[in-house]
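Report on one structure; see the data block that follows.
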Amino acid sequence: MAHWVRESDGSDSFEWDSDGNGEEAASFNAAGASSSAMTSTNTDAPGPSTRVANGNGKAGPSAALVQKYMDMGFAEEIVLKAMKDNGDNGADSLIELLLTYQELGNDLKVDNGFASGCVPQTVDDSDDDDILENWDDEDAGGRSTRVASSFDDSGDETAGDGYCGNLSDYEDNSYGGRNKGRPVDRSLPSQAMGPPYFYYENVALAPKGVWTTISRFLYDIQPEFVDSKYFCAAARKRGYIHNLPLENRSPLLPIPPKTISEAFPHTRRWWPSWDPRRQFNCLQTCMSSAKLLERIRVALTNSSDPPPPRVQKFVLEECRKWNLAWVGLNKVAPLEPDEMEFLLGFPKDHTRGISRTERYRSLGNSFQVDTVAYHLSVLKDMYPQGMNVLSFFSGIGGAEVALHRLGIRMKTVISVEKSEVNRTILKSWWSQTQTGLLIEISDVQTLTSERIEAYVRRIGGFDLVIGGSPCNNLAGSNRHHRDGLEGEHSSLFYHYVRILDSVKSIMERL
DNA sequence: CTCACTCGGATCTGGGGC
DNA sequence: GCCCCAGATCCGAGTGAG
């Protein structure tokens, strides 16, 4: 099975969508083959719908909606044309139309009458169950020599020498360990082949259908789900869609410790026997409060040793939730920023100099360097002279640090990052470690295709387009605006797609 | 059903500066 | 008294595994 399992009805593709979302919700929900049925039966939508639907006759597309897609870098005439042709088929379909028109638009007039048949009109809805079943490849009960890579199912020979044996020595299969025995055929569609290579990262546990959608916009390449717990002492479940070769990967050396006690030996003497944690959960951006730490300390101080089950349960739950470490008698504390830097594979003091809160925020949003470097390691032999990199949502420079630690020279890096403190961190690190050219861009919207073309002409093309889009609207821990690929943050992903598309077509043309 | 886990955000609070 | 900022605090749902 090379690609997603497709179903024809797309019934639950966007079920997490809030329904009263005005102009777009209805058309999103109507995505798919059953759109006409949806629109005719969806009469319980609250309030008057302002949905843009050309089928409604005279009502044209709203200026705000047009502007939204223009802000994403599409020309107005393309937006209008795509909206007209798309009708009620939903925003996904609309984006695909936009991308198609943009690509074709290089050679064709906009009103040339593109055959809409060339654009998928149905929402394919893969069985999401299958996606996450690939977390762990281990044979049940066996000590696998394979990496936690869904692509590596078929061959032990692809595992790194002497490396992968370390990966799973102590791991339970937290995701069931069902080995589906499903070799993943890595035959990329021709238009997905590099160069440029691309690498897109996002949280694995996104709402239903999100990965299906992301995948569809990236040549239907199946994401590679990897938990960074195989690379360091903290979990980090992420999906990566890329067109890199899968063979001959190698890990960064030295291999980081993969248990808490190895990573932080000084905690051993305080670690109670009834705390079974050997690794941390996913490092997040928010930290526990001092009040909670005090509550835990008081509860333990007033208990026997070992404490009664009720107290143990309370303390363990909070420790797991907030990634607390034992730093004294009855005393737990959150990880320090430099400890997070270490776990994530960054050099010491990489983020030092900004406020503590900002360090936590930046680190919590970052790549795990060893994990990403493992995937990128195949580039080292391919680019002995160095690479030109387009880096999206660079944050504190996880991709750049990974390439650097792999010994890959970066001739030019164009980095798009909104946060000023993050840009400063990357700039500072760059000036200390690199000889190449770093160009930092704060606003992705200013990276127009004209500007991309100018860069391509200047540096001779990009070798790697890498990015992890901010996931504040995708992660399960976000209770407020978990709106998948439909919220305002979603445009960042579509920016990535747009610009990747643009880079490819420009490079093919030149 | 219960349980565990999740690249977070809105609001409050307190201090500094004016 | 007021604004501003940064830190502190409190807030819970979606999802999958068992």
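Not measured: the values here are computed from a predicted model. Convention: sequence-line order gives letters A, B, ...; per-chain numbering from 1.
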d([atom1], [X]; [atom2], [N]) in whole Å:
X	N	atom1	atom2	result
A/K229	B/dT6	NZ	C1'	15 Å
A/Q284	B/dG9	CD	C1'	13 Å
A/E318	C/dT9	CD	P	14 Å
A/Q279	B/dT6	CD	P	11 Å
A/N202	B/dT6	CG	C1'	13 Å
A/K237	C/dA17	NZ	P	11 Å
A/L205	B/dA4	CG	P	17 Å
A/F225	B/dT6	CZ	C1'	15 Å

In residues 361-369 of chain A, what residues come within less than 4.0 Å of DNA chain B, judged by heavy atoms? A/G364, A/N365
Under a 3.5 Å limit for both distances, which nucleotide forms a Watson-Crick or G-U wobble pair with B/dC7, could you say? none
Complementary nucleotide for C/dG12 - Watson-Crick or wobble, under 3.5 Å: none
Given [options], the nucleotide with the shortest approach to the side chain of [X]:
X	options	answer
A/N281	B/dC7, B/dC5, C/dG12	B/dC5
A/R236	B/dC7, B/dC5, C/dT9	B/dC7
A/P207	C/dT15, C/dT9, B/dC7	C/dT15
A/N478	C/dG7, B/dG9, C/dC10	B/dG9
A/S355	C/dG7, B/dT6, B/dG9	C/dG7
A/W322	C/dC11, B/dA4, B/dC7	C/dC11

Pair [X] + [Y]: ring centers closer than 6.0 Å:
X	Y	result
A/Y496	A/F217	no
A/Y219	A/F198	yes
A/H242	A/Y200	no

Under 4.0 Å between a Lys/Arg side-chain N and an Asp/Glu carboxylate O for A/R238 and A/E201? yes
Tell me what A/G468 touches on the nucleic acid: a base, only sugar-phosphate, or nothing, going by heavy atoms under 4.0 Å. base
What contact category does A/E358 fall into here, base, sugar-phosphate, or nothing, at under 4.0 angstrom with non-hydrogen atoms? nothing
Residues 315-330 of chain A vs salt bridge (Lys or Arg N to Asp or Glu O under 4.0 Å), sequence neighbours excluded, gives A/K313-A/E317
Quick check on side chain to side chain donor-acceptor pair (under 3.5 Å): which of A/E358, A/R361, A/E417 does A/N422 satisfy it with? A/E417
Which sits closer to the 5' end of DNA chain C, A/R356 or A/C286, going by the nucleotide each is nearest to? A/R356
Hey, which sits more toward the 5' end of DNA chain C by its nearest nucleotide, A/K321 or A/K291? A/K291
What class does the angle between the rings of A/W326 and A/W274 fall in, given that below 30° is parallel, 30 to 60° is tilted and above 60° is perpendicular? perpendicular
Should the ring pair A/F225 and A/W211 be called parallel, tilted or perpendicular, given that the plane angle runs from 0 to 90° and is split at 30 and 60? perpendicular
Spacing of the P atoms in C/dT9 and B/dC7 (rounded, Å): 24 Å
Does A/T357 put a side-chain nitrogen or oxygen below 4.0 Å from OP1 or OP2 of C/dA6? no
On DNA chain B, compare the nucleotides closest to A/K313 and A/V203; which residue's is nearer the 5' end? A/K313
